[in-house]
Protein chains: 2
Amino acid sequence: MEKQEDLERCESVHIHQDLVAQVNAGMPDEEILYDLAELFKLFADSTRIKILYVLFASELCVCDIAQLLNMSQSAISHQLRALKQAKLVRYRREGKQVFYSLADGHVRTILGQGMEHVAE
Amino acid sequence: MEKQEDLERCESVHIHQDLVAQVNAGMPDEEILYDLAELFKLFADSTRIKILYVLFASELCVCDIAQLLNMSQSAISHQLRALKQAKLVRYRREGKQVFYSLADGHVRTILGQGMEHVAE
DNA sequence: ATTATATATGAACAATAGCTCATATGTTTA
DNA sequence: TAAACATATGAGCTATTGTTCATATATAAT
């Protein structure tokens with residue numbers, strides 16, 4: 001944890017020197033925080049938000065999602081790929097079609113809390 | 001809600017035609033979903049995640065945050081601006097320094113749920 | 001008033017991300 | 001096997017974003 005090298009600092013080395021150490025101790029690992037940001041990136045696009053929202057209501061095939069969002073099959077497929085990789089959605093093949101559904105309860109909570117914040 | 005114009009559709013107009021209508025009914029407004037994505041964009045960068053995390057522990061001035069994250073004052077200030085605009089952080093001037101703190105309980109919940117998902 | 005310190009901000013640049021287009025893969029039906 | 005349909009994916013283009021650098025603003029101290 002050698003972070004104290006050649007940093008620019010407030011000249012007035014105010015109170016917070018030990019606070020700084022304490023805060024640092026409570027921080028999750030760099031890698032975890034990076035993964036966390038990666039996760040939230042998936043919620044950071046309105047197309048993906050919409051996809052998650054429609055899957056809220058029901059399992060749907062790619063084609064139906066594309067119709068619902070009035071977007072191309074390709075665009076939706078690309079985004080589903082990202083959501084799939086992050087395990088936010090599951091998929092199930094049925095003949096030619098592939099049905100997607102929400103994989104996780106966290107999705108609901110995260111979107112819900114976001115909604116609450118936005119709706120104020 | 002004229003969305004049914006010249007869409008590409010699954011040829012096999014399968015079951016979901018009414019489902020599609022139903023799902024559409026339950027969708028929040030376009031604008032809200034856009035705002036929601038904008039909100040999550042703020043969680044979609046590890047610098048901002050770190051800022052929120054350190055503010056978790058304590059109110060801090062810009063300079064201390066910069067030191068904690070080992071980043072430039074300018075970079076932190078830019079990001080605080082974004083967080084401030086979204087009302088995720090509050091600020092309070094005290095002499096030359098400006099102290100930032102979390103503005104909202106939602107931040108904790110959202111980060112917490114994200115953590116749970118990542119940590120599995 | 002002048003200087004120093006703390007923070008904010010605009011411009012520029014590199015990196016990233018989302019869409020389209022073309023095409024590949026997988027599945028069913030004729 | 002060939003054709004049709006549903007989905008997946010790579011390349012390319014444009015738009016967006018995070019950082020740095022230079023500089024502006026705000027407050028305090030001399």
Side-chain angles (χ1 to χ4, degrees), chain A residues 6-16 33-34 37-52 59-86 89-101, chain B residues 6-16 33-34 37-52 59-86 89-101:
Chain A
D6 50 353
L7 301 174
E8 42 180 320
R9 297 278 343 278
C10 305
E11 203 70 24
S12 56
V13 178
H14 38 80
I15 335 130
H16 311 121
L33 295 172
Y34 184 82
E38 287 301 303
L39 172 65
F40 284 121
K41 278 194 180 118
L42 293 165
F43 292 88
D45 171 76
S46 64
T47 298
R48 285 189 297 265
I49 294 257
K50 287 177 197 168
I51 292 178
L52 292 173
E59 177 188 63
L60 290 168
C61 70
V62 178
C63 156
D64 280 342
I65 299 174
Q67 180 190 3
L68 269 162
L69 306 194
N70 199 15
M71 291 184 66
S72 77
Q73 175 269 319
S74 180
I76 298 301
S77 208
H78 276 294
Q79 301 298 8
L80 283 170
R81 185 180 191 227
L83 294 170
K84 182 167 50 179
Q85 282 174 341
V89 301
R90 285 200 234 89
Y91 66 101
R92 170 178 74 80
R93 176 140 226 152
E94 187 177 315
K96 284 181 283 189
Q97 303 181 356
V98 177
F99 288 86
Y100 284 83
S101 59
Chain B
D6 49 354
L7 302 176
E8 41 180 318
R9 297 281 339 281
C10 306
E11 202 71 25
S12 56
V13 179
H14 37 82
I15 335 129
H16 312 122
L33 295 174
Y34 184 82
E38 287 302 303
L39 172 65
F40 284 120
K41 276 193 181 120
L42 293 165
F43 293 87
D45 172 75
S46 64
T47 298
R48 285 188 299 264
I49 294 256
K50 287 177 197 167
I51 293 178
L52 293 173
E59 177 188 63
L60 290 168
C61 70
V62 179
C63 156
D64 280 342
I65 299 173
Q67 180 190 3
L68 270 161
L69 306 195
N70 199 16
M71 291 184 64
S72 76
Q73 174 269 319
S74 180
I76 299 300
S77 209
H78 276 295
Q79 300 298 9
L80 283 170
R81 185 180 191 228
L83 294 170
K84 181 167 51 180
Q85 282 174 340
V89 300
R90 285 199 234 90
Y91 66 101
R92 171 177 74 81
R93 176 142 228 151
E94 186 177 314
K96 284 181 281 188
Q97 304 181 353
V98 177
F99 287 86
Y100 283 84
S101 58

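Letters go in sequence order (proteins before strands), and every chain restarts at 1.
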Could you pull out the protein-nucleic contacts involving nucleotides 25-30 of chain D (nitrogen or oxygen on both sides, under 3.5 Å)?
none

For this session: Using atom CZ of B:Phe99 as one end and atom P of C:dA8 as the other, report the distance to the nearest whole Å.
Result: 12 Å
For this session: Would you tell me if any nitrogen or oxygen in the side chain of B:Gln79 comes within less than 4.0 Å of OP1 or OP2 on D:dT17?
Result: no
Exercise. Do B:Lys50 and B:Met71 come within less than 4.5 Å of each other through their side chains, counting heavy atoms only?
Worked result: no
For this session: Check whether any side-chain N or O of B:Arg93 sits under 3.5 Å from a backbone N or O of B:Gly95 as a donor-acceptor pair, and report yes or no.
Result: yes
Exercise. Is any N or O donor-acceptor pair between the side chain of B:Ser74 and the base of D:dC21 shorter than 3.5 Å?
Worked result: yes
For this session: Could you tell me whether the side chain of B:Arg48 and the main chain of B:Lys41 form a donor-acceptor pair under 3.5 Å?
Result: yes
Seminar exercise, completed: Heavy atoms of B:Phe43 and A:Phe40 approach each other most closely as O-CB, 3.3 Å
For this session: Rounded off to whole Å, could you give me the CG-to-P distance for the A:Asp45 and D:dT14 pair?
Result: 20 Å
Seminar exercise, completed: Out of C:dA8, C:dA6, D:dG18, minimum distance to the side chain of B:Gln97 belongs to C:dA6
Exercise. Among D:dT9, C:dG18, C:dA8, which nucleotide sits nearest the side chain of B:Tyr100?
Worked result: C:dA8
Exercise. Between atom CD in A:Gln73 and atom P in D:dT7, what is the gap in whole Å?
Worked result: 7 Å
Problem set entry | Given DNA chain C, 5'-ward residue of the pair A:Lys41 and B:Ser77, judged by closest heavy atom | B:Ser77
Exercise. Which whole-number value in Å describes the distance from B:Met71 CE to C:dA6 P?
Worked result: 19 Å
Exercise. At under 4.0 Å, does any side-chain N or O of A:Arg81 touch on OP1 or OP2 of D:dG10?
Worked result: yes
Exercise. What pair of heavy atoms forms the shortest contact from B:Leu33 to A:Ser46, and how long is it?
Worked result: O-CB, 4.2 Å
Exercise. Are the ring of A:His78 and the base ring of D:dT9 both nearer than 5.5 Å at their centres and tilted by less than 30°?
Worked result: yes
Exercise. Is any side-chain nitrogen or oxygen of B:Thr47 closer than 4.0 Å to OP1 or OP2 of D:dG18?
Worked result: no
Problem set entry | Between P of C:dT16 and CG of A:Leu42, the distance in whole Å | 16 Å
For this session: Answer whether the closest heavy-atom distance between the side chains of B:Leu52 and B:Val89 falls below 4.5 Å.
Result: yes
Seminar exercise, completed: Separation of C:dA17 atom C1' from A:Gln85 atom CD, nearest Å, is 14 Å
Exercise. When rounded to the nearest 0.5 angstrom, what distance separates CG in B:Asp64 from CZ in B:Phe99?
Worked result: 7.0 Å
Problem set entry | Protein-nucleotide distance (B:Ile76, atom CD1; D:dC21, atom P), rounded to Å | 15 Å
For this session: For B:Leu83 and D:dG18, give me the distance from atom CG to atom P, rounded to whole Å.
Result: 10 Å
Problem set entry | Short side-chain N/O contact to D:dT20 OP1/OP2 from B:Ser72, under 4.0 Å | yes
